[in-house]
Amino acid sequence: MSIKIVIAGARGKMGSEAVKMVLETDHFELVAVVDTKNDGKTLLDIEDQPDVKVPIFVDIEACFNEFKPDVLIDLTTPKVGKQHMEIAFSHQVRPVVGTTGFTEEDITELRERAEAQRIGAIIAPNFAIGAILMMKFAQVAAKYLPDVEIIEKHHDNKLDAPSGTAVKTAQLISEVREAKQQGHPEEKEDIAGARGANYEGMRIHSMRLPGLVAHQEVVFGGVGQTLSIKHDSLHRSSFMPGIRLAVETVMKIDTLIYGLENIIE
C-alpha cells in the first residue's frame, strides 16, 4: 500500500528535490503540497516544478482535512515546522521534519505530544546518510582522541549557526568525552569569536559562503598525529535517501526520534 505524503516547502531547493524523490518512489504518493502562496494552483502551474496536477494549499489544515495524508515532509523553518508538527499531530499525520534550530525544550514538548497520541515523528538536522556516518565515526574516534574541533561550512542563505549537524556531532562526542578546556590555558582572543563557539571545550567554527551546500570536518589532535573525518554534500539530492528512509520508518514508530543516526544501525 502506498504512503500518502504532503510536502511543506516544496518551492525551496530541498523541497523541489523532495517532490522529485516522492514522485519517483513507487510506494509513495504525493497528494498535495503546502506553500505560502499559489493557493488553488497545482505544481503544473508553477515554473521549475514537475508537470503534475498536485494541488497547492496555503492552509495546511484544509489540506489535511481534504486529503488525510499519512506523512508530512516539512522542509520550512523551525518556527513554521513546529507549528506544522502540532497541526499534524492533531490530524494523526506523521511529520518528518528537515529543519534545524529546534531547542531541547521544543523536542521534549513535541515528543510528549507524539507519545500521548501514539504517533510517530522524526526531526533530522541532516538527512545525508554520509553525514550521519561521519557523526558516528567521530563519536568512536573521540573515545581515543578527546581533543577535537568542528568546522562546518554552508551556503550563505543558511540562517542558524552553528549548524544543527555540528551541534548534534558535539552532543554525540560529549557522550563519550569528558568536558575539558582545549588549547593553552592562558590563550586569549584578540578578535572576539576567533576561536569559534565553545561546546564543553570543543570549538565549533561556522563558514557561510555562496557556492557551498553542506560540509563538515571533524578534526582530532593527539600526540604526534591528527585525524580528520569529513563529509561533503555537493547537491541536495544527497539528502533524499535519508528522507525516504525517515518516511518509511515514521510509519512504524509511536514516538519522536531526533536525529537520523537513531534509525541507522
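Worth knowing before you read on, the calculation uses all heavy atoms, side chains too, and leaves out hydrogens, waters and symmetry mates. Residue numbers count from 1 along this sequence.
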Asker: Under the side-chain contact (heavy atoms from CB on, under 4.5 Å) criterion, do Val31 and Ile5 qualify, and how do the steps go?
Answerer: CA-CA 6 Å; Val31 296; Ile5 297 171; 6.0 Å; no
Asker: Check whether any side-chain N or O of Thr76 sits under 3.5 Å from a backbone N or O of Thr99 as a donor-acceptor pair, and report yes or no.
Answerer: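 Between the backbone of Thr99 and the side chain of Thr76 there is no qualifying donor-acceptor contact (under 3.5 Å).
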Asker: Quick one: does Val96's side chain get under 4.5 Å of Leu72's, heavy atoms only?
Answerer: no
Asker: Can you tell me how far apart NZ (Lys153) and CZ (Arg208) are? Round to the nearest 0.5 Å.
Answerer: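 Here the rounded value is 12.0 Å.
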Asker: Judged by modelled atom types alone, do His27 and Glu248 share a side-chain donor-acceptor pair under 3.5 Å?
Answerer: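 A pair is found: one side chain offers a donor N or O, the other an acceptor, under 3.5 Å apart.
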Asker: For a 4.5 angstrom cut-off between non-hydrogen side-chain atoms, does Ile56 reach Thr42?
Answerer: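 Ile56 vs Thr42: side chains apart.
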Asker: Counting only N and O atoms by type, is there a donor-acceptor contact under 3.5 Å from the side chain of His84 to the main-chain atoms of Ile87?
Answerer: no
Asker: Tell me whether Ser16 contacts the main-chain N or O of Lys13 through its side chain, where contact means a donor paired with an acceptor under 3.5 Å.
Answerer: no
Asker: Compute whether any side-chain donor of one residue and acceptor of the other, for Glu17 and Ser237, lie under 3.5 angstrom apart.
Answerer: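 No donor-acceptor contact under 3.5 Å links the two side chains.
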Asker: Any side-chain heavy atom of Val33 within less than 4.5 Å of one from Phe57?
Answerer: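 No, every pair of side-chain atoms sits at 4.5 Å or beyond.
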Asker: Are any non-hydrogen side-chain atoms of Val218 and Ile173 less than 4.5 angstrom apart?
Answerer: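 Yes, their side chains come closer than 4.5 Å.
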Asker: Could you please spell out the steps behind the salt bridge (charged side-chain N to carboxylate O under 4.0 Å, His left out) verdict for Asp35 and Arg11?
Answerer: CA-CA 8 Å; Asp35 195 0; Arg11 281 189 298 111; 2.6 Å; yes
Asker: Answer yes when Asp39 and Lys37 have at least one side-chain N-carboxylate O distance shorter than 4.0 Å, and no when they do not.
Answerer: no
Asker: Does some side-chain heavy atom of Lys230 sit less than 4.5 Å from a side-chain heavy atom of Ile151?
Answerer: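 No; the side chains remain at least 4.5 Å from each other.
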Asker: Taking everything shown except Glu104 itself, do over 12 heavy atoms lie less than 6.0 Å from its CD?
Answerer: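 Open.
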Asker: In the structure I gave you, are the side-chain heavy atoms of Phe28 and Met21 within less than 4.5 Å of one another anywhere?
Answerer: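 Yes, at least one pair of side-chain atoms sits under 4.5 Å.
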Asker: How about Pro50 and Leu23: do any of their side-chain heavy atoms sit closer than 4.5 Å?
Answerer: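 Answer yes - side chains close enough.
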Asker: What distance separates Lys41 NZ from Leu43 CG, expressed to the nearest 0.5 Å?
Answerer: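 Output value for this atom pair is 12.0 Å.
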Asker: Starting from Val167, can I reach Val148 by hopping between I/L/V/M/F/W/Y residues whose side chains sit under 4.5 Å apart?
Answerer: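 No, no single cluster joins them.
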Asker: Does atom CG (Leu159) have a neighbourhood of more than 12 heavy atoms from anything else shown, all under 6.0 Å?
Answerer: no
Asker: Any Lys/Arg nitrogen of Arg195 or Glu149 sitting under 4.0 Å from an Asp/Glu carboxylate oxygen of the other?
Answerer: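 A salt bridge is present here (some side-chain N lies under 4.0 Å from a carboxylate O).
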Asker: Within this structure, what is the OG1-CE distance for the pair Thr169 and Met202, rounded to the nearest 0.5 Å?
Answerer: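 Between atom OG1 of Thr169 and atom CE of Met202 there are 9.5 Å.
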Asker: Residues two or more places apart in sequence or in another chain: which of them pass ring-ring contact (aromatic ring centres under 6.0 Å, His included) with Phe64?
Answerer: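 With sequence neighbours excluded, Phe64 shows a ring-ring contact (aromatic ring centres under 6.0 Å, His included) to His91, given in chain and number order.
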Asker: Could you grab the distance from atom NZ of Lys20 to atom CD of Gln49, nearest 0.5 Å is fine?
Answerer: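 It is 8.5 Å, given to the nearest 0.5 Å.
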Asker: Under a plain distance cut-off of 3.5 Å, with no hydrogens placed, do Glu152 and His154 share a side-chain donor-acceptor pair?
Answerer: yes
Asker: Would you call Glu200-Lys180 a salt bridge at under 4.0 Å N-O?
Answerer: no
Asker: So, does Thr249 use its side chain to make a donor-acceptor pair with the main chain of Ala246 at under 3.5 Å?
Answerer: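 Such a contact is absent between Thr249 side chain and Ala246 backbone.
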Asker: In terms of hydrophobic clusters joined by side-chain contacts under 4.5 Å, are Leu256 and Phe127 together?
Answerer: no
Asker: Determine, for Asp106 against Lys82, whether the closest basic-nitrogen to carboxylate-oxygen distance falls under 4.0 angstrom.
Answerer: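 Result for this pair is yes, salt bridge flagged.
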Asker: Does Asp160 use its side chain to pair, donor to acceptor, with the backbone of Ser163 at less than 3.5 Å?
Answerer: no
Asker: If we check side chain to side chain contact (heavy atoms under 4.5 Å, CB included) with Met134, which of these qualifies: Ile229, Ile129, Asn126?
Answerer: Ile229
Asker: Flag the pair Ile73 / Val247 as yes when at least one side-chain heavy-atom distance between them is below 4.5 Å, and no otherwise.
Answerer: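 SC-SC contact between Ile73 and Val247 confirmed.
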Asker: Between Thr108 (side chain only) and Glu105 (backbone N and O only), is there a donor and an acceptor less than 3.5 Å apart?
Answerer: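 It does not hold such a pair.
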Asker: Does NZ belonging to Lys168 count more than 12 external heavy atoms closer than 6.0 Å?
Answerer: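 Counting other residues, nucleotides and ligands, NZ of Lys168 exceeds 12 neighbours.
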Asker: How many angstroms lie between atom CD1 of Ile253 and atom CD1 of Ile119, to the nearest 0.5 angstrom?
Answerer: 10.0 Å
Asker: Pair up each side-chain donor or acceptor in residues 136-145 with any protein partner under 3.5 Å, not counting sequence neighbours, and list the distances.
Answerer:
from, atom 1, to, atom 2, distance (Å)
Lys136, NZ, Glu261, O, 3.4
Gln139, NE2, Leu172, O, 2.9
Gln139, NE2, Glu175, OE1, 3.1

